[in-house]
There are 2 protein chains.
Amino acid sequence: MNSQDVILGLLHRAPLSGYEIKQKLEMPLSFFFDASFGTIYPTLAKMEALGYIVKESVVQEGRPNKNVYSLTSEGRAQFEQYLHSPVENDSYRSDFLVRMFFGEYTDQETLADWIRDEIRKTDAEAVQLERMKTEWGKDMPASKTLCLDIGIELNESKAQTLREALKRLTGADD
Amino acid sequence: MNSQDVILGLLHRAPLSGYEIKQKLEMPLSFFFDASFGTIYPTLAKMEALGYIVKESVVQEGRPNKNVYSLTSEGRAQFEQYLHSPVENDSYRSDFLVRMFFGEYTDQETLADWIRDEIRKTDAEAVQLERMKTEWGKDMPASKTLCLDIGIELNESKAQTLREALKRLTGADD
DNA sequence: CCGAGCATGTAAGGGGTTACATGATTGG
DNA sequence: CCAATCATGTAACCCCTTACATGCTCGG
């Protein structure tokens with residue numbers, strides 16, 4: 001799974017420009033996948049060269065023109081091929097947990113600060129995902145709702161574990 | 001946070017060879033950080049050139065010789081610098097959730113298969129982490145235990161959410 | 001007037017992966 | 001005899017990030 005596969009998926013519903021693709025990636029997709037403009041634009045160019053998408057320039061008033069891309073049948077076939085490839089393992093990378101792992105080389109106050117900060121970030125993400133669910137959760141297919149549910153559950157249980165750990169570490173203040 | 005920082009952290013306790021570093025990375029570190037030999041050996045060479053570590057060849061009987069690396073004071077200083085750098089955000093990448101996100105373009109049976117497979121993987125990781133905790137959890141600093149607890153909690157709540165989703169999708173069989 | 005939003009792109013570099021290459025020993 | 005474990009390394013490649021470059025419009 002890479003940027004190309006995700007872009008193919010996004011273009012399945014409707015033609016989009018690079019800028020619009022970046023916006024669609026914001027949330028909830030950004031919870032488990034991300035891409036910058038430095039990836040999106042070169043990928044679109046490559047996909048056009050491969051015949052997976054076609055470009056159409058759209059002239060706008062009061063705004064810069066945009067290049068809107070739509071899927072070709074080759075693009076749709078390529079997306080099918082992705083869906084038939086083996087599912088890759090999830091990968092979770094955490095600087096925070098690496099620091100906890102080496103926690104014996106750091107003082108308690110720094111550890112507590114890191115944990116408090118992680119709680120803040122985790123809570124913020126959970127809230128954001130919950131807001132999304134109440135806003136758009138109604139007319140979403142069940143599989144898409146699952147993405148939101150997993151995001152919410154993961155963040156909430158992580159925050160809870162962090163809170164318990166903080167209590168044990170600082171001795172109930174905070 | 002990159003491979004160099006993690007290797008510096010591992011060498012803090014005792015000198016290790018590249019092969020031994022790879023083993024230390026297996027679990028529980030591999031839950032939130034991973035590196036292959038193709039990363040480890042070049043990184044060690046680079047670190048030696050920078051003066052962060054020194055190499056010592058250890059002759060072994062019945063086994064190939066190994067190059068054991070130990071931290072220098074520059075290496076220890078470099079690790080301190082890492083600990084004083086801003087904490088990077090966690091990143092979670094999931095091919096599985098991307099497929100769920102685009103679930104409307106796939107049939108129910110395939111979706112159910114993907115979910116069952118994800119449950120299997122998630123359960124397996126939870127079990128593995130729990131085994132680690134009961135085995136080595138006693139004489140671990142609290143911060144290190146937190147890594148295991150987060151790993152266990154995250155996997156368990158993910159598995160639970162997946163099971164509920166599967167029930168809703170297939171209608172309680174399975 | 002300045003910053004934010006809209007819009008597209010490039011170039012350099014970082015940080016990894018996979019596969020290849022080699023070779024000894026031990027246990028089934 | 002074959003596979004696994006121990007052990008080190010290289011080369012090609014992939015995929016992505018950051019920073020830079022450009023430029024227009026609208027609202028405060």
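Here the structure is a predicted model, which means the values were calculated and not measured. Order of the sequence lines fixes the chain letters, A, B, ..., with proteins taken first and strands second; residue numbering starts at 1 for each chain.
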Measure from CG on B/Leu44 to P on D/dT8 and round the result to the nearest Å.
9 Å
Do A/Glu130 and A/Thr134 have side chains that approach each other closer than 4.5 Å (heavy atoms only, starting at C-beta)?
no
For B/Glu88 and C/dG14, what is the distance between atoms CD and P respectively, to the nearest whole Å?
15 Å
Taking the six-membered ring for Trp, are the ring centroids of B/His12 and B/Phe79 within less than 6.0 Å of each other?
yes
Whole-Å distance between C/dG16 P and B/Lys22 NZ?
13 Å
Determine the contact category for A/Ser3: base if any of its heavy atoms lies under 4.0 Å from a base atom, sugar-phosphate if only primed atoms, P, OP1 or OP2 are that close, otherwise nothing.
sugar-phosphate
Using a 4.0 Å heavy-atom cut-off across all strands, classify B/Gly38 as base, sugar-phosphate, or nothing.
base
Do any side-chain nitrogens or oxygens of B/Gln23 fall under 4.0 Å of OP1 or OP2 in D/dC6?
yes
Are B/Phe32 and A/Phe101 close enough that some pair of their side-chain heavy atoms sits under 4.5 Å apart?
yes
Assign each of A/Pro64 and A/Met1 the nucleotide of DNA chain D bearing its closest heavy atom; nearer the 5' end lies the nucleotide of A/Met1
Using whole Å, what does the distance between atom C1' of nucleotide D/dG23 and atom OH of A/Tyr19 come to?
13 Å
Taking only side-chain nitrogens and oxygens of B/Arg93, does any of them come within less than 4.0 Å of OP1 or OP2 of D/dC16?
yes
Starting from P on D/dC14, measure out to CG on A/Asp5 and report it in whole angstrom.
15 Å
Could you tell me which non-hydrogen atom of B/Thr72 sits nearest to which non-hydrogen atom of B/Gly51, and how far apart they are?
OG1-O, 2.6 Å
From the set D/dT8, C/dG9, D/dC6, return the single nucleotide nearest to any side-chain atom of A/Tyr69.
C/dG9
Compare side-chain N and O positions of A/Arg63 against OP1 and OP2 of D/dT25 and report whether any pair is under 4.0 Å apart.
no
Does C/dA7 have OP1 or OP2 under 4.0 Å away from a side-chain N or O of A/Gln60?
yes
Starting at CG of A/Asn2 and ending at C1' of C/dT17, how long is that distance when rounded to a whole Å?
14 Å
Could you tell me if the side chain of A/Met100 sits less than 4.5 Å from the side chain of B/Lys144, heavy atoms only?
no
May I have the distance from A/Phe37 (atom CZ) to C/dA11 (atom C1'), rounded to whole angstrom?
18 Å
B/Tyr41 side chain: which of C/dG9, C/dG15, D/dT8 is closest?
D/dT8
With A/Arg99 as the cation and B/Tyr82 as the aromatic partner, state whether NZ or CZ is under 6.0 Å from the six-membered ring centre and within 45° of the axis.
yes
Value in whole Å for how far the C1' atom of D/dT8 lies from NZ of B/Lys66
13 Å
Tell me whether the OP1 or OP2 atom of C/dG9 has a side-chain N or O from A/Asn67 closer than 4.0 Å.
yes
Taking any heavy-atom pair under 4.0 Å as a contact, classify B/Ser17: base, sugar-phosphate, or nothing.
sugar-phosphate
A/Lys55 has its side chain closest, among D/dC16, D/dT10, C/dG9, to C/dG9
Taking the minimum atom-to-atom distance to the side chain of A/Thr39, which one of D/dC16, D/dA7, C/dT17 wins?
D/dC16
Would you tell me if any nitrogen or oxygen in the side chain of A/Ser36 comes within less than 4.0 Å of OP1 or OP2 on D/dC16?
no
